[in-house]
Amino acid sequence: MSFDLLSAPIRKFIRDKGWEELRPIQTAAITRILGSDDNYILASRTASGKTEAAFLPILSKVDFNESGVQVLYISPLIALINDQFYRVEELCKNLDVDVVKWHGEANKTVKDKLLKSPKGIVLITPESLEAMLANKPFNVKQLFSNLKYAVIDEIHSFIGTDRGIQLKSILSRLQQVNSKSFSIVGLSATIGDYEEAKKFTGNELKTKVLLDKTSKEINTTFKYFKNKKADLPLELLEDLYIETKYNKVLIFPNSRGRVEEVAVKLKKISEREKGHSNYFSHHSSVDKEVREYIEYFAKNNNRQNFCISCTSTLELGIDIGAVDEVVQIDATHSIASLIQRVGRSGREKGKVSNLFLYATNEWSLLQSVACWLLYKDGFIEPPQKNEKPYDILVHQSLSITKGYSGIKLKDLINQLKENSAFKQIELFEIEEILNHLIEIDFLEKLQNEVIIGFEGEKVVNSRDFYSVFKTEENFKVLNNGNKIGDVPFSPQITEDENILLAAKIWKIVFVDHKAKKIEVIPTRDGKKPMFFGNSGAVHERIREKIFEVLYSKTSYEFLDKASCDEIEILRREFSVFNIRNLQTDRPLLSIEKNIQLFTFTGTRINRTIQLLLNIAGIKNKLDDSSSSFDIEVPKQELISKWSTLSLPLAYIDNHISKLLLSNPALLDFSKWGVYLPENYKVKLINDKYFDIEETRNFLTTIKLIENK
């Protein structure tokens, strides 16, 4: 029995907690982790005990009397570290093991003590690890040269992202300073490609996946309130109030501005109806202390109901106690995100999860239905593959050079080549990129050594250096000296304008452009603030499922009458196309001089098709939400050019290079790509913004079907 394999202090912890039995993922993990030094991915639904599944055997196995940090817990969020700290500390209560939080907001005295006497467990973010490697290389060796385990929480949030490549590189660098290679344990509820997850550890052959397929019952209701205005319809908000007023609820709109609108307007309705006042907004622009209060209130106020309108800040595993319902307003861009959000409710044993989904336009409704059906089919989007992350190579080159205060160029090249994050990048490519960094004075060559150059110093000494994602330039919002949050500067930020922030309405009384501060006072009415940010790319399988729904006769029991009616209207509209094969046929709607082409494919393929239409001289406008193009040339011209549309893909780099010259913002998705040589910028855009191969496959199989 796996329980008997655990150490005596850990068995005592389980008995003290009164656990009747171990969860399936815990039983499997205990046996495997104690029995080998392999890497493991622990995959099971939200709230299934994955943290304990990793730590129960690790705490039983590792000798914490040895010098140096023995276990690293790596998290995507500081808030998750603060949350998990108490959980890990409690697990260690029968052991003499130090547990230390290490991030920008953590206690400096505790961190200094760890540096003097490295031991125990450290909870950290990738950015704090990066800062340590760049600024405290001696301490890194001292701290982590005897590391046994790295536990990566919410590993799916890293896989296929720039931040994930950075973390993969950091882990590879830590393996180089380690006396013996450490094991990696990843935790996730939503992995779309287990083979890709195994590669993340740097040694896929030595990585095993432990998958618990136990599902949780989810009560689902979809509601439809058609809306053509910028703000949500009052009928939706009133219905939402009725559905949530007696429960503990998380509401996920798809933008920070919408989050504020929902929180403020529900609070107003509740005041009118004499309901509770516990309406909050929680997102990255709300002040950290305010967010922490909301999390504390939700977790500890068992008797009072609450409603938190939030973004993905509460999507990951921060423990906020019992949540009765999750509400999603309009479609998530991914199934993975939907699953994470649904998993926030019904976490207690025997409870079901409750999901309400409100859609405000027909395409959002269809995408919501498609995501839900694919989730029921067991599909989660695979992460985007980025075999050649040239931009992160730039960042890591600077970080390694800074950490060594100068390094032989040959050694830097070898370190990058041996790093598992960059193993697909050719040696000559590494050399070309480093030579370019020398040319632009990011690196300076002194005989056979490189140091950080004059221009590079400005970048590596910035506080933003340690992250690979772009951060907004924000203005602080203050009321009587108390910080409420931050908002990006926009035309809306002027005196006497009203904004919503932290679930309250504020009038702007003064804008200090030099100090980047906004002074506000409470007021009665306001507009949601303008926040910037791109919606995520939608996977082609979701769009294909939307197409299937349109040509299906199935009625779905989870839809309300308005949703069913809207889908029937759409089905009638699309019945004018004689679609015989959903894989190859695509509708081409022609009404008088208006032409609309529906591709029903993914965002990156649509972007590539738009590029090809532009090259062919076909004026067009892409609406990715409906996966359609408004075409501004005669129908016959489009049809005649369609068969040759893919020909420029053979020499697409030339076109992207010209496009980049006229539109440098094309590279805005990458913080570090701007420092690459021109030809590598083009390759990066090719790999991450467009999808050349899938577009070629799409165009060679697709037939345009005109309306009858």
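Just so it is clear, the values below take in all heavy atoms, side chains as well, and ignore hydrogens, waters and symmetry mates.
- For the atom pair CZ (R604) and CD (E694), the distance works out to 9.0 Å, reported to the nearest 0.5 Å.
- Applying the side chain to side chain donor-acceptor pair (under 3.5 Å) criterion to E432, with sequence neighbours excluded, gives Y680.
- I452 approaches G456 most closely through the heavy-atom pair CG2-C, 3.5 Å.
- In this structure D653 satisfies the side chain to side chain donor-acceptor pair (under 3.5 Å) test together with N686, sequence neighbours excluded.
- When K141, Q142, K136 are each tested for a side chain to side chain donor-acceptor pair (under 3.5 Å) with N139, only one passes: Q142.
- Taking a cutoff of 4.0 Å between a charged side-chain nitrogen and a carboxylate oxygen, K119 and E66 do not qualify as a salt bridge.
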Side-chain donor-acceptor pairs under 3.5 Å in residues 201-213, sequence neighbours left out?
from	atom 1	to	atom 2	distance (Å)
T201	OG1	K198	O	2.9
T201	OG1	N203	N	3.3
T201	OG1	N203	O	3.4
T201	OG1	T207	OG1	2.7
N203	OD1	K206	N	3.3
K206	NZ	D37	O	2.9
T207	OG1	N39	ND2	3.3
T207	OG1	N203	O	2.7
K208	NZ	D38	OD2	3.1
D212	OD1	T214	N	3.0
D212	OD1	T214	OG1	2.5

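- Within the 6.0 Å centre-distance limit, the rings of F379 and H539 are counted as a close aromatic pair.
- A salt bridge links D112 and K108; the closest N-O separation between the charged side-chain nitrogens and carboxylate oxygens is under 4.0 Å.
- In this structure E418 satisfies the side chain to side chain donor-acceptor pair (under 3.5 Å) test with no other residue, sequence neighbours excluded.
- The number of heavy atoms from other shown groups lying within 6.0 Å of NZ (K93) is above 12.
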If you look only at distance, which donor and acceptor atoms sit under 3.5 Å apart when one is on a side chain in residues 460-469 and the other is two or more places apart or in another chain?
from	atom 1	to	atom 2	distance (Å)
N461	ND2	E457	O	3.1
N461	ND2	E457	OE1	2.8
S462	OG	D464	N	3.0
Y466	OH	N135	OD1	3.4
Y466	OH	N135	ND2	2.7
S467	OG	D464	O	3.3
S467	OG	F469	O	3.4
S467	OG	K671	NZ	3.0

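- The two residues A421 and P389 have their closest heavy-atom pair at O-CG, 3.7 Å.
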Between side-chain atoms of residues 50-60 and protein atoms elsewhere (two or more places apart, or another chain), which donor-acceptor pairs fall under 3.5 Å?
from	atom 1	to	atom 2	distance (Å)
K50	NZ	S44	O	3.0
K50	NZ	R45	O	3.1
T51	OG1	Q84	NE2	3.0
E52	OE1	R87	NH2	3.1
E52	OE2	R87	NE	3.0
E52	OE2	R87	NH2	3.4
S60	OG	S7	N	3.1
S60	OG	S7	OG	3.4
S60	OG	L56	O	2.9

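- Ion pairing of D687 with K385 is absent here, as no side-chain N (NZ or NE/NH1/NH2) approaches a carboxylate O to less than 4.0 Å.
- A salt bridge links K288 with E292: the closest approach of a Lys/Arg side-chain nitrogen to an acidic carboxylate oxygen falls below 4.0 angstrom.
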